[in-house]
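Letters go in sequence order (proteins before strands), and every chain restarts at 1.
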Amino acid sequence: MNAAPNPSAGPTAALGDAIAAALADLHPGVPAAALERPPRPEFGDYSTNAAMLAAPLIGEPPRDVAAKLIGGIEQRLGDAVERIDVAGPGFLNLHMSEGWFRDAAALVAGRGREFGSGVAERPSKVLVEFVSANPTGPLTVASGRHLAYGDSLARILGFAGHDVRREYYLNDAGSQIDLFGASIAARIAGDEVPEGGYEGDYVAGIGQRIVAEHGAGLEPAELGRLGVELMLEGIRATLDRSRVHFDTWASEQSLHDAGATENAIADLRDRGLVYEHEGAVWLRTSEFGDDKDRVLIRADGAPTYFAADIAYHRDKLERGFDLLINVLGADHHGYVDRMRAAIVAFGAPGESFEVSIMQMVNLVEGGERARMSKRRGDFARLDDLLEDIGVDATRFFMLMRSHETPIDIDLELARTHSSDNPVYYAQYAHARICSLFRTAAERGAETGDDPVPAESLEPAERALIARLLEMPDQISRAANKREPHGISTYVREVAADFHAFYRDCRVVGAGPGLEQARLAVCAATRDVIATLLDLLGVEAPEEM
RNA sequence: GCCCCGGUAGCUCAGUUGGAUAGAGCGCCGGCCUUCUAAGCCGGAUGUCGCAGGUUCGAGUCCUGCCCGGGGCGCCA
């Protein structure tokens, strides 16, 4: 039952192992106990509910079981632990020794930017598809949230040890492209765009550029193709500014050209899952958890968007991914069941397909919903937001909340370069540490093997180290739950603990032994913050 | 009608897979720079965790039913 020790888990792993072993001695088959950080300092550095889990199986009161566990845990941990108390309903509270904290800090510092990486229990090959905005307009702030989430999730999964690829699916075929071409044609002619067409001012600009380069008189279909090229140029530039780089761009048109849609439908037909009804061709998605069957080919002979997407996802599966993650807007949630049904129809496990549903993002200024652009038919562009508040603030604010919650971005707050702006809080901690190392270098760091003075571990220092030790758990949690916002919460906690440490603990010139020990704590903190910010796609400046 | 998401401090939101006296930021009040960055720190006030039941040693967290807000239920994409 003991998992192989994972070097990535850090110093706390040994605590969990000791508890599990002591528990196994007492009674077999007790479920894995939690190792938590208790809510209050008096409760020690770590606590476990092991005794409360074992009590019903053993048939004794939790506090009695807890008392029996103490010896076994103490014996295994030696002088790492100073004292173990039984508390409350049966918690075991572990008070770690000063030496244990010093060793832990040195270990974390030694791992540098690697600390917390490789925590995935079962590394797998993952494809994250996100943004995938139609190339018929510039990216919006909604895409900005998708991109921040998708890219950060990819970074986190990669750091955790998975083999991750980012992909953008390009809807470069179909009725929307036709409509886009018709809209451009109308603007060139000085007419209103057709019903339901693209009304944004940028369409006229696209038309002008095409006329300037290729002359007038192009067919709408050609205008659509050239328009997509130009829009794509802009989209790539915006992604670049946002620090997002896709490994692959999948093209719907290419799938059509390769006959992928027909092949996918033929495959499903071979599996006996396709039938004809009222002139259309249907897929039995209802056999795999969907509400009802879905149309693959319309009565007029044209394949549906769903059919093309099935072909696309079949292609993803054939490329050997264990896990497909799609990042979609809330308006697409009704689409999830049918797509998963198709995945299962191809013989892949349902769990191999996941969708992260993104809630909306509003821009707020002065307590009111902000308009980034007042032009008719236009919308809040990501470029305008990047211009306004910068990449760091954009990405950080997008990831401060769970993706399942709508967010309001306060532009006034995001713009200010003051302490009120949460994006600078963690960056400032990082810059402060870098500055501290510069000072240490100027003054000449203390050298030698002086021992660390006893009773030199201040409460703030102890709290900071304990916070750093959460790193592996925080990474695996963010990765497993697909929640980059957990990283954003955690990095602010690390920064807050560092600022308190900085207040209470002199580093440079602290004295023989102590200065080096505290520089190790600072180095560990600096690296952890830099890693976390990088996972969010935010820079870690060395000075501010 | 059915499905998804949310409802936690004045505001915006966290809440580590069911744990101890529910937290943070903003806003409000008051303190702290002759030593490593004050973009910082410290102290102070505020809660029927939407409502009602249930599960158990224990529920903001899990189950059921309601209420409110947002989104979705096409041979559109």
Side-chain angles (χ1 to χ4, degrees), chain A residues 34 36-40 42-43 47 49 52 55-56 61-62 87-91 93 134 171 174-177 179 196 252 277-282 291-292 294-306 308-309 329-337 357-360 364 367 400-410 413 416-425 427-429 431-440 442-443 460 470 473-474 476-478 480-481 485-486 488-490 492-493 495-496 498-500 502-510 515 518 522 543-544:
Chain A
E36 305 180 303
R37 290 195 55 202
R40 305 170 52 171
E42 310 92 271
F43 295 157
S47 71
N49 61 351
M52 282 133 82
F91 287 104
N93 292 335
N134 283 353
N171 295 115
S175 58
Q176 290 305 309
I177 303 299
L179 195 54
E252 181 183 355
H277 177 66
E278 292 180 351
V281 175
W282 298 69
D291 294 342
K292 54 179 183 179
R294 306 289 170 173
V295 171
L296 294 173
I297 301 176
R298 289 185 277 259
D300 66 8
T304 59
Y305 174 84
F306 180 49
D309 224 20
D331 54 342
H332 283 75
H333 96 264
Y335 176 79
V336 176
D337 283 346
I357 293 293
M358 306 296 295
Q359 294 297 323
M360 58 176 51
V364 175
M400 287 202 320
R401 311 274 180 256
S402 158
H403 65 277
E404 296 179 328
T405 306
I407 45 171
D408 292 333
I409 293 184
D410 183 338
L413 178 65
T416 52
H417 287 231
S418 80
S419 60
D420 298 343
N421 189 340
V423 73
Y424 297 112
Y425 189 76
Q427 290 185 321
Y428 179 60
R432 234 181 179 182
I433 298 172
C434 291
S435 168
L436 187 151
F437 273 100
R438 286 192 294 269
T439 306
E442 280 168 22
R443 297 194 188 177
E470 292 177 20
D473 284 342
Q474 294 282 355
S476 57
R477 182 168 166 234
N480 293 337
K481 296 181 74 175
H485 84 278
S488 140
T489 303
Y490 177 53
R492 277 175 289 167
E493 289 171 344
F498 173 75
H499 288 308
Y502 185 87
R503 178 199 67 231
D504 291 345
C505 303
R506 182 73 204 181
V507 179
V508 177
E515 176 180 305
R518 285 186 172 160
C522 290
E543 51 190 331
M544 293 173 72

Participant: Over how many whole Å does the gap from Phe91(A) atom CZ to G58(B) atom P extend?
Facilitator: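 Nearest whole value for this atom pair: 14 Å.
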
Participant: I'd like to know if Thr304(A) reaches the base of A77(B) with its side chain, counting only an N/O donor and acceptor under 3.5 Å.
Facilitator: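 Not at all, since no donor on one side and acceptor on the other fall under 3.5 Å apart.
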
Participant: Between A77(B), G72(B), C42(B), which nucleotide gets closest to the side-chain atoms of Tyr305(A)?
Facilitator: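 The closest nucleotide is A77(B).
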
Participant: Without decimals, in angstroms, what is the distance between Asp408(A) CG and C26(B) P?
Facilitator: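 Nearest whole value for this atom pair: 18 Å.
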
Participant: P atom, G65(B) versus C2(B): distance in rounded Å?
Facilitator: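 Each nucleotide's P atom is 10 Å from the other's.
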
Participant: If you look at every strand shown and take non-hydrogen atoms under 4.0 Å, does Ser175(A) touch a base, only sugar-phosphate, or nothing?
Facilitator: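 Sugar-phosphate only.
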
Participant: Applying a 4.0 Å non-hydrogen cut-off, can you work out what Ser435(A) is touching in the nucleic acid: base, sugar-phosphate, or nothing?
Facilitator: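 Touches a base.
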
Participant: Does Arg438(A) reach a base, just sugar-phosphate, or nothing at all? Heavy atoms under 4.0 Å.
Facilitator: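 Base, at least one base atom sits under 4.0 Å.
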
Participant: Which part of the nucleic acid, if any, lies within reach of Glu278(A) when heavy atoms closer than 4.0 Å are counted: base, sugar-phosphate only, or nothing?
Facilitator: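 Base contact - Glu278(A) has a heavy atom under 4.0 Å of at least one base atom.
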
Participant: Just checking Ala87(A): base, sugar-phosphate only, or nothing, at a heavy-atom cut-off of under 4.0 Å?
Facilitator: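 Base: the residue Ala87(A), judged by heavy atoms under 4.0 Å, touches a nucleobase.
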
Participant: For Pro39(A), which contact category applies under a 4.0 Å heavy-atom criterion: base, sugar-phosphate, or nothing?
Facilitator: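 If one applies the 4.0 Å heavy-atom cut-off, Pro39(A) turns out to touch a base.
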
Participant: How close do His485(A) and Ser402(A) get, heavy atom to heavy atom, and via which atoms?
Facilitator: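 Smallest heavy-atom distance, with atoms named: ND1-CA, 3.4 Å.
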
Participant: Under 4.0 angstrom, heavy atoms only, what part of the nucleic acid is Arg477(A) near: base, sugar-phosphate, or nothing?
Facilitator: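 Answer is sugar-phosphate: Arg477(A) comes under 4.0 Å of backbone atoms only.
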
Participant: Just N and O in the side chain of His485(A): are any of them under 4.0 Å from OP1 or OP2 of G15(B)?
Facilitator: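 Yes.
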
Participant: Just to be sure I understand the rule, does Met52(A) reach a base, reach only the sugar-phosphate, or reach nothing, if contact means heavy atoms closer than 4.0 Å?
Facilitator: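 It contacts base atoms.
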
Participant: Ala431(A) near the nucleic acid: base, sugar-phosphate alone, or nothing, with a heavy-atom cut-off under 4.0 Å?
Facilitator: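 The answer is base, as Ala431(A) lies within the cut-off (heavy atoms under 4.0 Å) of a base atom.
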
Participant: Just N and O in the side chain of Arg298(A): are any of them under 4.0 Å from OP1 or OP2 of C76(B)?
Facilitator: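 So the side chain of Arg298(A) is within the cut-off, an N or O lying under 4.0 Å from OP1 or OP2 of C76(B).
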
Participant: Between G25(B) atom P and Glu493(A) atom CD, what is the distance in whole Å?
Facilitator: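 Rounded to whole Å, this separation is 11 Å.
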
Participant: Between Ala299(A) and Val508(A), which has a closest nucleotide on RNA chain B that is more 5'?
Facilitator: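 In this pair, the answer is Val508(A).
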
Participant: Look at the side chain of Glu36(A) and decide which nucleotide, out of A39(B), U17(B), C75(B), has an atom nearest to it.
Facilitator: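 Selected nucleotide: U17(B).
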
Participant: Have a look at Asn93(A) and say if it touches a base, only the backbone sugar-phosphate, or nothing, with a 4.0 Å heavy-atom cut-off.
Facilitator: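 Contact class for Asn93(A): base.
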
Participant: Do Arg432(A)'s NZ or CZ and the ring of Phe498(A) fall within the cation-pi criteria of under 6.0 Å and 45°?
Facilitator: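 No, Arg432(A) does not lie over the aromatic ring of Phe498(A).
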
Participant: Measuring only between side-chain heavy atoms, which start at C-beta, is Leu413(A) closer than 4.5 Å to Pro422(A)?
Facilitator: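 Yes; the side chains approach each other to less than 4.5 Å.
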
Participant: Rounded to whole angstroms, how far apart are CH2 on Trp282(A) and C1' on C75(B)?
Facilitator: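 In whole Å, C75(B) C1' and Trp282(A) CH2 are 7 Å from each other.
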
Participant: Would you mind reading off the distance between Leu413(A) atom CG and C13(B) atom P, rounded to a whole angstrom?
Facilitator: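 Answer to the nearest Å: 13 Å.
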
Participant: Quick check: any donor-acceptor pair below 3.5 Å linking the side-chain of His333(A) to the base of C3(B)?
Facilitator: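 Such a pair is found, so the answer is yes.
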
Participant: To check you understand the geometry: which heavy-atom pair defines the closest contact between Leu436(A) and Val508(A), and what is its length?
Facilitator: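 Taking every non-hydrogen atom into account, O-CG2, 3.9 Å.
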
Participant: Classify the glycosidic conformation of C33(B) as syn or anti, calling it syn when the angle lies within 90° of 0.
Facilitator: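 Glycosidic conformation of C33(B): syn.
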
Participant: Mind checking His332(A) for me? I need base, sugar-phosphate or nothing, with any heavy atom below 4.0 Å counting as a touch.
Facilitator: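 Here His332(A) touches the bases of the nucleic acid.
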
Participant: Expressed as a whole number of Å, how far does the P atom of C49(B) sit from that of C11(B)?
Facilitator: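 It comes out at 16 Å once rounded to the nearest Å.
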
Participant: Less than 5.5 Å between centroids and less than 30° between ring planes, does Tyr425(A) satisfy that with A39(B)?
Facilitator: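 A stacking contact does not exist, since Tyr425(A) is not both close and nearly parallel to the base ring of A39(B).
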
Participant: Counting any heavy atom closer than 4.0 Å, what does Asn171(A) reach on the DNA or RNA strands: base, sugar-phosphate only, or nothing?
Facilitator: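 No contact.
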
Participant: Under 4.0 Å, counting only non-hydrogen atoms across every strand here, what does Tyr502(A) touch: a base, just sugar-phosphate, or nothing?
Facilitator: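 Base contact.
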
Participant: Is there a side-chain contact between Thr405(A) and the phosphate of U12(B), meaning an N or O under 4.0 Å from OP1 or OP2?
Facilitator: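 No.
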
Participant: Check the distance between U35(B)'s C1' and Arg518(A)'s CZ and give it to me in whole angstrom.
Facilitator: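 One finds 15 Å between C1' of U35(B) and CZ of Arg518(A), rounded.
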
Participant: Send over the distance from Tyr490(A) OH to C13(B) P, rounded to a whole Å.
Facilitator: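 Rounding to the nearest Å, OH of Tyr490(A) and P of C13(B) are 25 Å apart.
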
Participant: How close or far is atom P of G74(B) from atom CZ of Phe306(A), stated in whole angstroms?
Facilitator: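 From Phe306(A) CZ to G74(B) P: 14 Å.
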
Participant: Looking at every strand, decide which applies to Arg37(A) at a 4.0 Å heavy-atom threshold: base, sugar-phosphate, or nothing.
Facilitator: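 Since no nucleic acid heavy atom lies under 4.0 Å of Arg37(A), the category is nothing.
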
